[in-house]
Amino acid sequence: MVQANIEQLEKEISQQIVKLYDDRLGKSPSQIICHFFDTEIVISLENSVTQAEQTLLKGGYASLAEQVRLYLEKITNPELKSLIEEIIGKPVLDLMTNTNLATGRTGIIVIFNQLPEVCNPESISQGKCQEFS
């Protein structure tokens, strides 16, 4: 079996997230950036806010738009976690998402215990961790 490389995993994760957003939210992000950093994946989505959320914001219902986004994330995050686990072949320890409704950007951080098995592990940025006492 041929192991994937990091770029292939990043591309596959990006494509599956776009599909998930389109299927579940009816809105595909216009741009997605996905990068591995040691045992983390950082993902940035542009234009990820739905038309309904934009309408609520324009109508002066920012609080309701934020509630809608929180519920959407509660619904989609388990699916997001499962698809990433399937792609990288490792369990996800934590998945955090945040959407800025004003800018339309979503940030996703995924943390797992071990690096995925890839043919080019040296291409994963080995961020330096600092422990604070």
Side-chain angles (χ1 to χ4, degrees):
M1 183 172 126
V2 177
Q3 289 182 331
N5 65 43
I6 288 301
E7 293 79 16
Q8 290 169 325
L9 291 178
E10 291 170 344
K11 183 178 179 181
E12 178 68 17
I13 290 168
S14 297
Q15 290 172 340
Q16 291 302 316
I17 289 173
V18 168
K19 184 178 182 320
L20 175 70
Y21 267 64
D22 190 43
D23 290 348
R24 297 293 180 262
L25 306 180
K27 170 73 173 150
S28 295
S30 63
Q31 181 180 0
I32 185 167
I33 299 168
C34 177
H35 288 293
F36 277 84
F37 293 95
D38 195 26
T39 56
E40 296 180 3
I41 305 170
V42 177
I43 304 161
S44 172
L45 309 173
E46 294 284 333
N47 299 314
S48 60
V49 177
T50 67
Q51 186 64 45
E53 291 166 308
Q54 291 173 18
T55 301
L56 288 169
L57 288 169
K58 288 177 186 172
Y61 296 96
S63 178
L64 182 56
E66 289 171 10
Q67 278 187 310
V68 167
R69 176 50 63 159
L70 286 174
Y71 284 114
L72 290 173
E73 288 176 354
K74 282 184 180 190
I75 293 166
T76 57
N77 281 358
E79 291 181 70
L80 184 58
K81 179 181 174 190
S82 292
L83 78 85
I84 291 171
E85 287 177 337
E86 185 176 323
I87 293 168
I88 67 170
K90 300 287 180 189
V92 168
L93 295 178
D94 204 1
L95 183 139
M96 298 161 280
T97 59
N98 188 41
T99 300
N100 184 328
L101 295 175
T103 64
R105 291 186 186 97
T106 297
I108 303 169
I109 299 174
V110 183
I111 300 173
F112 46 100
N113 244 353
Q114 298 175 316
L115 293 172
E117 294 176 20
V118 293
C119 62
N120 62 339
E122 70 283 350
S123 66
I124 297 176
S125 177
Q126 302 293 318
K128 298 192 189 264
C129 294
Q130 293 181 348
E131 291 190 27
F132 299 96
S133 302

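For reference, positions follow the sequence shown, starting with 1.
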Joint hydrophobic cluster, Leu72 plus Leu101, side-chain heavy atoms closer than 4.5 Å
no
If I compare all heavy atoms of Phe112 with all of Val92, which pair ends up nearest, and what's the gap?
CB-CA, 4.3 Å
One should read off an interatomic distance between Thr39 OG1 and Ile88 CD1, to the nearest 0.5 angstrom, of 10.0 Å
Does some side-chain heavy atom of Val110 sit less than 4.5 Å from a side-chain heavy atom of Lys81?
no
How long is the straight-line distance from CG of Leu57 back to CD of Glu66, given to the nearest 0.5 Å?
8.0 Å
To the nearest 0.5 Å, what is the distance between CG (Asp94) and CD1 (Ile109)?
9.5 Å
Between Gln16 and Glu12, is any side-chain donor less than 3.5 angstrom from a side-chain acceptor?
yes
Might you point out which heavy atoms bring Ala65 and Glu53 nearest each other, and give the distance in Å?
CB-O, 3.9 Å
Distance check, rounded to the nearest 0.5 Å: Ser28 atom OG versus Ile17 atom CD1?
12.0 Å
Verdict with reasoning, Thr50 to Arg69, per side chain to side chain contact (heavy atoms under 4.5 Å, CB included)
CA-CA 9 Å; Thr50 67; Arg69 176 50 63 159; 4.3 Å; yes
Between Pro91 and Asn113, is there a side-chain heavy-atom distance shorter than 4.5 Å?
no
Would you call Thr99 and Glu73 a side-chain contact if the rule is heavy atoms closer than 4.5 Å?
yes
If you round to the nearest 0.5 Å, how far is CG of Asp23 from OG1 of Thr76?
12.0 Å
Report yes or no: does Ser44 contribute a side-chain atom to a donor-acceptor pair with the main-chain N or O of Gly107 at less than 3.5 Å?
no
Kindly indicate, with the supporting measurements, whether the criterion side chain to side chain contact (heavy atoms under 4.5 Å, CB included) is fulfilled by Glu46 and Ile33.
CA-CA 9 Å; Glu46 294 284 333; Ile33 299 168; over 6 Å; no
Assigning hydrophobic clusters by single linkage (Ile, Leu, Val, Met, Phe, Trp, Tyr; side-chain heavy-atom cutoff under 4.5 Å), is Ile41 placed with Leu9?
yes
Enter the distance from His35:NE2 to Glu7:CD here, rounded to the nearest 0.5 Å.
10.0 Å
Glu85 with Lys90: basic N within carboxylate O range, under 4.0 Å
no
Please answer: with hydrophobic residues joined when any side-chain heavy atoms are less than 4.5 Å apart, are Leu64 and Leu25 in the same cluster?
yes
Tyr61 vs Val68 side-chain heavy atoms within contact, under 4.5 Å
no
Ile84-Ile32 co-clustered via ILVMFWY side chain contacts under 4.5 Å
yes
Measure across Val49 and Gly104 and return the closest heavy-atom pair with its distance rounded to 0.1 Å.
CG2-CA, 3.4 Å
